[in-house]
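Below, read A as the first sequence line, B as the second, and so on, with proteins coming before strands; counting in each chain starts at 1.
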Amino acid sequence: MNKRTLYSVIAIIIVLGVYAYEHFLGEEEKAEIVSEGQTTKTDTNEYFLPTSTTGQIVHHEGYSLSYNEEHEQSEWVAYELKKSHLSNTNHKRPYFEIDKSVKTGAANWRNYKKSGYDRGHLCPAGDRRYSKSAHDETFLTSNISPQEHQFNAGLWNTLEQKIRYWARKYDGVFVVTGGVLKGNMKTIGDEDVSVPNQFYKVLIDNNTGKTKMIAFLIPHTDSDRPLYEFVVSVDEIEALTGVDFFPALEDSIETKLEASNSYQDWDFY
DNA sequence: CTGCTGAAC
DNA sequence: GTTCAGCAG
């Protein structure tokens, strides 16, 4: 077997493996729900929106964002990933477009061209495959941040897949994600799009009886270290970003959950 | 799944 | 500018 054939075989195994894996988990969780008589969670999209430090919040069909004009990217993108959103439908990858609903002018995709950095999705295309319009909407320049390819396709991708697993297992999670727009950052393109040195994701789930949160703060470099080593408290990310993540939560619950860096309620299998 | 690039129309 | 094909982890 030559090298090219070997790579092809490996690629096919990865694709089939991801499909079979997610499909298997889907069946497993369906069975679990039937046996436990679990009910479907209600829509919590508006309820869990974070605060904006820039005053420019934009709502799209499949996600909301807060745009930071100085750094030419969103400080956060927020969306609910429902279990019903998970889909194996394949959509052709469209071209990135400038988000016209950002009044100060969202970045041009040309800033990323030949920059050496990926246009890294904040709301992953893989989380919006339930319809073509929702999928294509993730290819707006307000939904991307410059990411090293090794990071984006590596640890960050692993986290995105873990979140899909949790969405399936816990019947949906609410996700907030972005780069930490702070300190000395490289810039790319004519518009000087900042390259974050860290990225974060904050998740909340209030479906399974008790509300739970988890937050990740990850240096912008690929790593072989396990994801749980990057778990921090929500408070830590709030201190870094100036964003208040779940202001609508009852204060005593918010205070307690956001101070914790425990991940015992989240299955890392 | 996560992506970039070159060539042709 | 758009599309297609190929490439890589």
Are any of A:Asn152's side-chain N or O atoms less than 4.0 Å away from OP1 or OP2 of B:dG3?
yes
Atom-to-atom span, CZ of A:Phe96 to P of C:dG1 - whole angstrom
18 Å
In whole angstroms, the gap separating P of B:dT2 from CD1 of A:Ile144 amounts to 14 Å
Let me know the distance between OH of A:Tyr112 and P of B:dC4, rounded to the nearest Å.
10 Å
Looking across every strand, which nucleic acid part, if any, lies under 4.0 Å from A:Gln147 by heavy atom: base, sugar-phosphate, or nothing?
nothing
Expressed in angstrom and rounded to an integer, what is the separation of A:Lys113 atom NZ from C:dG1 atom P?
9 Å
Check the phosphate of B:dC1 against A:His121, side-chain N and O only, distance under 4.0 Å to OP1 or OP2. Yes or no?
no
By ring pair (Phe, Tyr, Trp, His ring centres under 6.0 Å), which residues pair with A:His60, not counting sequence neighbours?
A:Tyr63
If you look at every strand shown and take non-hydrogen atoms under 4.0 Å, does A:Gly120 touch a base, only sugar-phosphate, or nothing?
sugar-phosphate
Rounded to whole angstrom units, what separation is found between the CZ atom of A:Arg168 and the P atom of B:dC1?
13 Å
What closest approach, in Å, do A:Ser66 and A:Thr54 show between heavy atoms, and which atom pair accounts for it?
OG-OG1, 3.3 Å
Just N and O in the side chain of A:Arg93: are any of them under 4.0 Å from OP1 or OP2 of B:dG3?
yes
Nearest whole Å is fine: how far is B:dT2 C1' from A:Asn143 CG?
14 Å
Give a yes/no on whether any side-chain N or O of A:Lys92 is located under 4.0 angstrom from OP1 or OP2 of C:dC4.
yes
Can you run down the salt bridge (Lys or Arg N to Asp or Glu O under 4.0 Å) pairs that involve residues 226-239 of chain A, sequence neighbours left out, and say none if there aren't any?
A:Arg225-A:Glu229
Atom-to-atom span, CG of A:Asp118 to C1' of C:dG9 - whole angstrom
11 Å
What residues form a salt bridge (charged side-chain N to carboxylate O under 4.0 Å, His left out) with A:Asp192, not counting sequence neighbours?
none
Within the 4.0 Å heavy-atom criterion, would you say A:Arg110 contacts the bases, only the backbone, or no part of the nucleic acid?
sugar-phosphate
Lys NZ or Arg CZ of A:Lys212 over A:Tyr263 ring: under 6.0 Å, within 45°
no
Whole-Å distance, A:Phe139 CZ to B:dC4 C1', equals 13 Å
Should A:Arg119 be listed as having a side-chain N or O under 4.0 Å from OP1 or OP2 of B:dT2?
no
Residue set satisfying ring pair (Phe, Tyr, Trp, His ring centres under 6.0 Å) with A:Trp109, at least two apart, ordered chain then number -> none
By salt bridge (charged side-chain N to carboxylate O under 4.0 Å, His left out) - contacts of A:Lys132 (at least two apart)
A:Asp136
Closest-nucleotide 5' rank along DNA chain B - winner of A:Gly116 and A:His91:
A:His91
Close N/O contacts between protein and nucleotides 6-9 of chain B (under 3.5 Å):
unit_1 : atom_1 : unit_2   : atom_2 : d
B:dG6  : OP2    : A:Lys114 : NZ     : 3.4

